[in-house]
Amino acid sequence: MTDAAALPGQPRGAVVSGPATERAVNVLAPNPSAMTLDGTNTWVLSEPDSPLAVVVDPGPLDEGHLARVRDTAERLGKRVALTLLTHGHPDHAEGAARFAELTGTPVRALDPALRLGDEGLSAGQVVTVGGLELRVVPTPGHTADSLSFHLPADRAVLTGDTILGRGTTMVAHPDGRLGDYLDSLRRLRSLTVDDGVRTVLPGHGPVLEDAQGAVEFYLAHRAHRLAQVETAVEDGYTTPAEVVAHVYADVDRSLWPAAELSVRAQLEYLSGHGLI
């Protein structure tokens, strides 16, 4: 058995519903798959002595899960006052409108189409609810509307799908762009270096105890994949499907459609930088 401390980001272990930091509680959605890993992590955030809570990514439209999220907050003595979205993929956002009905909360997101209420989210914004402070960090790349939320009091960052608790994420071409994604990883790295972030609360997979290690692993992985794709093109593998079959041969074939999206993003990046 591999020691978790030796894995990228030092994953905490099994993914479970329950407290993750002093201010963050996970409610794991029942939607496991090759793409969602153990399921979507829905985060309930609050100051310990506050009666108000914030929910990040209510998850899929699953009545049982949405009720569990609401009930989790209530068992903590909290009332959900706000719902936030890291991005619009259905496994994170599909249940948001129904959750808003259950809790009477507005939904704030970068994409206006996902909002319920007058307020959205913007880069550098500070969201404050019941004394809880969340700083909005733009992290496009996985999707154009991807955001992360910096939780300074816990030295943590909620990363949605930008950094996962296990494995790596895809760049969902054409909405996602690799250049943006690399910039987002560097932005997250600056949080670990300059702002003391130590913990990653991801959208899927276990909590990561070494945020900087996770970011460095992702940057190295992307550089390695880019080099592989560039070499594959030089060797005559020109279509995205051919590149996937060659470069991602060791990856489960069920993940090849997602890999092809990432390859398309990589080919676009390499072409735009004159490298192929």
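Not measured: the values here are computed from a predicted model. Side-chain atoms are counted along with the backbone in the values below, which use heavy atoms only and exclude waters and symmetry mates. All residue numbers refer to positions in the sequence shown, counting from 1.
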Where R186 and D183 come nearest, the two heavy atoms and their spacing: NH1-OD1, 3.1 Å
H92 and H87 aromatic ring geometry - parallel, tilted or perpendicular at 30°/60° bounds: tilted
Any donor-acceptor N/O pair, Q125 side chain to S122 backbone, under 3.5 Å: yes
V56, V137, L110, L84 screened by side-chain contact (heavy atoms from CB on, under 4.5 Å) with L147, the one that passes: L110
Donor on one side chain, acceptor on other, D175 and H142, under 3.5 Å: no
Exceeds 12 heavy-atom contacts within 6.0 angstrom, atom CZ of R253: no
Pair L201-N41, side-chain contact (heavy atoms from CB on, under 4.5 Å): steps then yes or no: CA-CA 9 Å; L201 304 176; N41 294 328; over 6 Å; no
Check against side-chain contact (heavy atoms from CB on, under 4.5 Å), E74 and D71: CA-CA 5 Å; E74 290 180 354; D71 294 347; 3.9 Å; yes
R177 atom CZ, neighbour heavy-atom count above 12 within 6.0 Å: no
L132 vs V54 side-chain heavy atoms within contact, under 4.5 Å: yes
Candidates D57, V107, V69, T42 - the one meeting side-chain contact (heavy atoms from CB on, under 4.5 Å) with F99: V69
Linked, directly or transitively: M35 and V15 (ILVMFWY side chains, under 4.5 Å): no
Heavy-atom pair of closest approach, residues K78 and A53: CB-CB, 3.8 Å
Close side-chain approach of R70 and L66, heavy atoms under 4.5 Å: no
Single-linkage hydrophobic cluster V243~V251, side-chain heavy atoms < 4.5 angstrom: yes
Side chain R187, main chain P138, donor-acceptor under 3.5 Å: yes
Set of residues satisfying side-chain hydrogen bond (donor to acceptor under 3.5 Å, both in side chains) with respect to T103, sequence neighbours excluded: T105
Nearest non-hydrogen partners of T86 and F149, listed with the distance: CG2-CE1, 3.9 Å
Residue pair R108, T83: steps toward the side-chain contact (heavy atoms from CB on, under 4.5 Å) verdict: CA-CA 6 Å; R108 296 176 65 179; T83 300; over 6 Å; no
salt_bridge(R264, E260) N-O dist < 4.0 Å: yes
Closest non-hydrogen atom pair, E94 against L61: OE1-N, 3.3 Å
Steps toward side-chain contact (heavy atoms from CB on, under 4.5 Å) verdict (V25, W43): CA-CA 6 Å; V25 174; W43 294 103; over 6 Å; no
Non-hydrogen side-chain atoms of T192 and L188 separated by less than 4.5 Å: no
Min side-chain heavy-atom separation E47-E133 under 4.5 Å: no
Stepwise side-chain hydrogen bond (donor to acceptor under 3.5 Å, both in side chains) test for D161 and H204: CA-CA 7 Å; D161 283 354; H204 303 279; 3.2 Å; yes
Heavy-atom check, side chain of L158 versus side chain of V200, under 4.5 Å: no
Test item: I163 and P202 side chains (from C-beta on) under 4.5 Å apart, heavy atoms: no
Hydrophobic cluster membership, L182 vs L275, 4.5 Å side-chain cutoff: yes
Minimal non-hydrogen separation, Y218 against L164, with atom names: OH-N, 2.9 Å
Side chain to side chain donor-acceptor pair (under 3.5 Å) partner of N31, the single match among T40, D62, D38: T40
Shared hydrophobic cluster for L134 and L76 (ILVMFWY, side-chain gaps under 4.5 Å): no
S17 side chain vs L28 backbone, donor-acceptor pair below 3.5 Å: yes
Nearest heavy-atom neighbours spanning T139 and S148: OG1-OG, 3.1 Å
Close side-chain approach of L208 and T199, heavy atoms under 4.5 Å: no
Salt bridge present between R198 and D154 (N-O < 4.0 angstrom): no
Face-on cation placement of R225 at Y248 ring, 6.0 Å and 45° thresholds: yes
D194, CG: over 12 other non-hydrogen atoms inside 6.0 angstrom: yes
Non-hydrogen side-chain atoms of S184 and S146 separated by less than 4.5 Å: no
Side chains of S33 and T36, donor plus acceptor under 3.5 Å: yes
